[in-house]
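To start, the structure under review is shown below, and the notes come after it.
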Amino acid sequence: MPNNSVKNLPNNPESHNLIREWTQVGRAAARAHGRTGGRPPKMTSTKLAQAQRMRENGMHLTDVAEIIGVGRTTLYRHLK
């Protein structure tokens with residue numbers, strides 16, 4: 001990979017293509033090492049099962065969300 005800094009490239013379509021190419025190469029290398037990118041999910045299957053049990057026992061959604069460490073919106077989305 002060339003030893004250029006993105007900051008030093010002129011702002012033109014050719015530079016954008018170079019940046020795109022470097023990014024694709026970097027992402028492919030990361031995938032080859034098992035990295036997929038993106039934010040890891042906050043709600044795991046274990047947390048979801050725990051939340052469902054708590055709801056079945058009559059616990060309020062706000063309390064369940066606080067205990068398992070997710071937001072109410074996240075909890076609502078997964079319990080549908």
[X] versus [Y]: any side-chain heavy-atom pair under 4.5 Å?
X	Y	result
Asp63	Met54	no
Arg55	Leu61	yes
Ile68	Leu48	no

**Report entry** Side chain His60, main chain Thr62, donor-acceptor under 3.5 Å
**Finding:**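 Indeed, once roles are kept as given, a pair shorter than 3.5 Å links the two residues.
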Query raised in the report: Which heavy-atom pair separates Lys42 from Lys47 by the least distance, and what is that distance?
Result: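 Smallest heavy-atom distance, with atoms named: O-NZ, 3.4 Å.
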Query raised in the report: Considering all heavy atoms of both residues, which atom of Leu75 and which atom of Ala65 are nearest to each other, and what is their separation?
Result: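 Answer, listing the atom of Leu75 first, then Ala65: CD2-N, 3.7 Å.
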Query raised in the report: When rounded to the nearest 0.5 angstrom, what is the spacing between CD in Gln50 and OG1 in Thr44?
Result: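 Atom-to-atom, Gln50:CD and Thr44:OG1 are 8.5 Å apart.
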Query raised in the report: So His78 and Val70, side-chain contact (heavy atoms from CB on, under 4.5 Å) or not? Walk me through it.
Result: CA-CA 11 Å; His78 285 85; Val70 298; over 6 Å; no
